[in-house]
Number of protein chains: 2
Amino acid sequence: MITSPLLTIDNVLFTVHDGILKVLMVKRSIEPYSGLWSLPGGIVDPATDTSTEDTALRKLREKAGVKPNYLEQLEVFSGHDRDPRGFTVTIVYYALIGYQQAEVHIHTVDDAEWVSLPQIAQLNLAFDHKKIINVALERLRQKTLYSMVPVFCLPSLFTISDLKQVIETIIEKPIQRKSLMRRVEASGMFEEVDEKAATGKRMAQLYKLKDNFNIVNFERNLSF
Amino acid sequence: MITSPLLTIDNVLFTVHDGILKVLMVKRSIEPYSGLWSLPGGIVDPATDTSTEDTALRKLREKAGVKPNYLEQLEVFSGHDRDPRGFTVTIVYYALIGYQQAEVHIHTVDDAEWVSLPQIAQLNLAFDHKKIINVALERLRQKTLYSMVPVFCLPSLFTISDLKQVIETIIEKPIQRKSLMRRVEASGMFEEVDEKAATGKRMAQLYKLKDNFNIVNFERNLSF
DNA sequence: TCATTAAATGTCTCAACGACACTTTTAATA
DNA sequence: TATTAAAAGTGTCGTTGAGACATTTAATGA
């Protein structure tokens, strides 16, 4: 008889704040790796969860009180080396949220924190979480080149410049405002609002996501 | 204490034969769904497998004696409804192989068979395998638009026409020979062989994959 | 009033794909 | 041996959507 391996989920929740890409990390309070920073995740519980996506959302709620705007499966990581308890399997999700939406809750607890990527590079993380974050980052970057997923890092009202900055932060390259506006128009996802934002000098048009929008995939990547 | 759910893997192994896209199916001999066709998969065994990818390869070997040319994680399917035994989780891989490479072994057993997609649509499959196949197909089609993955359905030597036919079979749309040749050249994956194939009238140049090739992703999709 | 600055738009060029006509090759057949 | 048909492969043009860059618009403050 085969016993099922320990099955967990992990979330890589990204946000962008002030031109910095951040990942939500939680401090572990139990062994193994107690005291180290790790991704917010946990054990899949067949008694309460209707699916593993359900587990992912539950863990984000329990550990940081947040509900992401976007959640997608990344991939499964497994092996004997990733956990001292032996062979384990973790289903990893990556998710996006606006900084403002999550800020409050996270500041009330001291074991959850937004951590920038350079900081992560210097930390000693639990399990293979550093590797997982890098894979998630790569996927997010790739997806940013052919879709509008970065909007899920924005508040409900935003300007083209806000969107541009989030995209540039994620892919770490400048893009043409013109190219972005073409995509905003072509996607049909956005709606102009009767309001302008005084971000800089000339007031910028505010946009919101349409009520029933489809997330569009473009046929070309942004390139450089 | 939480008990881990039953964890399985399933493979959607595709091949193209004579202009028909086929999926490898195996007949179940145990409950549940005994006697029905299903995807070749099974239970992850921590005692023998070093990773879930390892499980996927092992199951393809055991059930059909094949070693795919390409294997990639699709996604995880989970829930209470997909298996009468309760909450289960299956990690699905999709894979590609040349028809010739697999033909022999599969013909020696009567519980493994290549099944075309129209046939699958009419069959009653075990679990949620019909849905899984459709998701895998969608992914394969998408990937075919921006990469050269279909080469993994070909034998070691092949012509441009062979490649063209495989691509057209997968995406169910005709493509321009010229566009394909541009991509073959741009990819740098291919090498002309000192040999020609007498497929039709004029003999066609044979190609092979370079010894150390990288699978290239193009920045645009093929379009119509 | 006018300079400044950022938002928004207009125009140019470039790269890659689709379309399609055209040339080349080779086996079958007259 | 010449002809022909079909598939392999090439040349070229139009389209599309990207980046680059200039221009116009609008708000602010000197």
Side-chain angles (χ1 to χ4, degrees), chain A residues 19 141-148 150 154 157-168 171-207 216-224, chain B residues 18-19 141-148 150 154 157-168 171-208 216-224:
Chain A
R141 283 191 175 140
Q142 203 51 41
K143 195 133 191 163
T144 298
L145 295 181
Y146 65 82
S147 87
M148 281 293 183
L154 290 171
L157 294 184
F158 52 88
T159 67
I160 299 287
S161 290
D162 292 338
L163 180 53
K164 179 168 181 279
Q165 199 204 10
V166 167
I167 292 172
E168 291 178 333
I171 65 177
E172 294 188 320
K173 298 218 168 84
I175 63 166
Q176 293 288 322
R177 172 181 226 92
K178 175 74 183 197
S179 302
L180 179 57
M181 293 191 75
R182 274 192 288 238
R183 288 193 161 197
V184 164
E185 196 171 347
S187 70
M189 292 170 59
F190 302 95
E191 201 173 317
E192 296 190 1
V193 171
D194 277 343
E195 223 178 316
K196 307 238 175 183
T199 57
K201 294 292 175 171
R202 173 176 179 175
M203 297 185 92
Q205 179 63 54
L206 279 170
Y207 291 80
V216 177
N217 288 343
F218 301 100
E219 298 214 328
R220 295 194 195 183
N221 283 359
L222 293 170
S223 55
F224 311 95
Chain B
D18 280 347
R141 284 191 174 140
Q142 203 51 41
K143 195 133 190 161
T144 298
L145 296 180
Y146 65 82
S147 87
M148 282 292 182
L154 291 171
L157 293 184
F158 53 88
T159 67
I160 299 287
S161 291
D162 293 337
L163 180 53
K164 178 167 181 282
Q165 199 204 10
V166 167
I167 292 172
E168 292 178 333
I171 64 177
E172 295 188 318
K173 297 216 167 86
I175 63 167
Q176 292 289 323
R177 174 181 224 91
K178 188 62 191 272
S179 301
L180 178 57
M181 293 188 74
R182 277 191 285 237
R183 287 193 163 197
V184 165
E185 195 170 349
S187 71
M189 291 170 59
F190 302 96
E191 201 172 318
E192 295 188 2
V193 172
D194 278 342
E195 221 178 318
K196 307 236 177 185
T199 58
K201 296 291 175 173
R202 171 177 177 174
M203 299 186 90
Q205 179 63 53
L206 280 169
Y207 290 81
K208 69 172 186 118
V216 177
N217 288 342
F218 300 100
E219 299 215 327
R220 295 194 195 182
N221 283 358
L222 293 170
S223 54
F224 314 96

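Chain letters run A, B, ... following the sequence lines, proteins first and then strands; every chain starts at 1.
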### Query
For A:Ser161 and C:dA6, is the shortest distance between a side-chain N/O and OP1 or OP2 below 4.0 Å?
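Checking C:dA6 against A:Ser161, no side-chain N or O comes under 4.0 Å of OP1 or OP2.
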### Query
Within the structure shown, what part of the strands sits under 4.0 Å from B:Gln205 by heavy-atom distance: base, sugar-phosphate, or nothing?
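Sugar-phosphate only.
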### Message
Base, sugar-phosphate or nothing for B:Thr159? Non-hydrogen atoms, less than 4.0 Å.
### Response
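Since no nucleic acid heavy atom lies under 4.0 Å of B:Thr159, the category is nothing.
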### Query
How would nucleotides 24-30 of chain C be written as a contact map, 5' to 3', with B for base contact, S for sugar-phosphate-only contact and - for no contact, using protein heavy atoms under 4.0 Å?
BBBSS--
Of all heavy-atom pairs between [X] and [Y], which one has the smallest distance, and what is that distance?
X: B:Met203; Y: B:Ala198; answer: CE-CB, 3.9 Å
X: B:Arg220; Y: B:Arg183; answer: O-NH2, 2.7 Å
X: B:Leu163; Y: B:Met148; answer: CD2-SD, 4.3 Å
X: A:Glu219; Y: B:Ser223; answer: OE1-CB, 3.3 Å
X: A:Ile160; Y: A:Leu180; answer: O-CD2, 3.8 Å
X: B:Arg177; Y: B:Ser161; answer: NH2-OG, 2.6 Å

For [X] and [N], what is the distance between atoms [atom1] and [atom2] respectively, to the nearest whole Å?
X: A:Leu222; N: C:dA15; atom1: CG; atom2: P; result: 18 Å
X: A:Arg220; N: C:dA16; atom1: CZ; atom2: P; result: 10 Å
X: A:Ile167; N: D:dA18; atom1: CD1; atom2: P; result: 12 Å
X: A:Phe218; N: D:dT16; atom1: CZ; atom2: C1'; result: 14 Å
X: A:Asn221; N: C:dA15; atom1: CG; atom2: P; result: 17 Å
X: B:Gln165; N: D:dA8; atom1: CD; atom2: C1'; result: 15 Å
X: B:Leu206; N: D:dG9; atom1: CG; atom2: C1'; result: 15 Å

#### Entry: Spacing of B:Lys173 atom NZ and B:Thr144 atom OG1 [to the nearest 0.5 Å]
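Those atoms lie 12.0 Å apart.
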### Query
From A:Ile175 CD1 over to A:Leu222 CG, what is the distance, rounded to the nearest 0.5 angstrom?
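Answer for the CD1-CG pair, A:Ile175 versus A:Leu222, is 6.0 Å.
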### Task
Name every residue in residues 179-188 of chain B that has at least one heavy atom under 4.0 Å from any atom of DNA chain C, in order of residue number, or write none if there are no such residues.
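B:Ser179, B:Arg182, B:Arg183 - these, ordered by number, are the residues of the stretch whose heavy atoms sit under 4.0 Å from the strand.
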### Task
Look at the rings of A:Phe190 and A:Phe158 and say which category their plane angle falls in: under 30° parallel, 30 to 60° tilted, over 60° perpendicular.
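If you compare the ring of A:Phe190 with that of A:Phe158, the planes turn out perpendicular.
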### Query
Which residues in residues 171-178 of chain B have at least one heavy atom lying under 4.0 Å from any atom of DNA chain D?
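Nucleic-acid contacts, sorted: B:Arg177, B:Lys178.
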### Query
Taking C-beta and beyond as the side chain, do A:Gln142 and A:Asn221 meet within less than 4.5 Å on heavy atoms?
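Yes, close enough: below the 4.5 Å cut-off.
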### Short side-chain to backbone donor-acceptor contact, A:Gln205 and A:Val193, under 3.5 Å
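It does hold such a pair.
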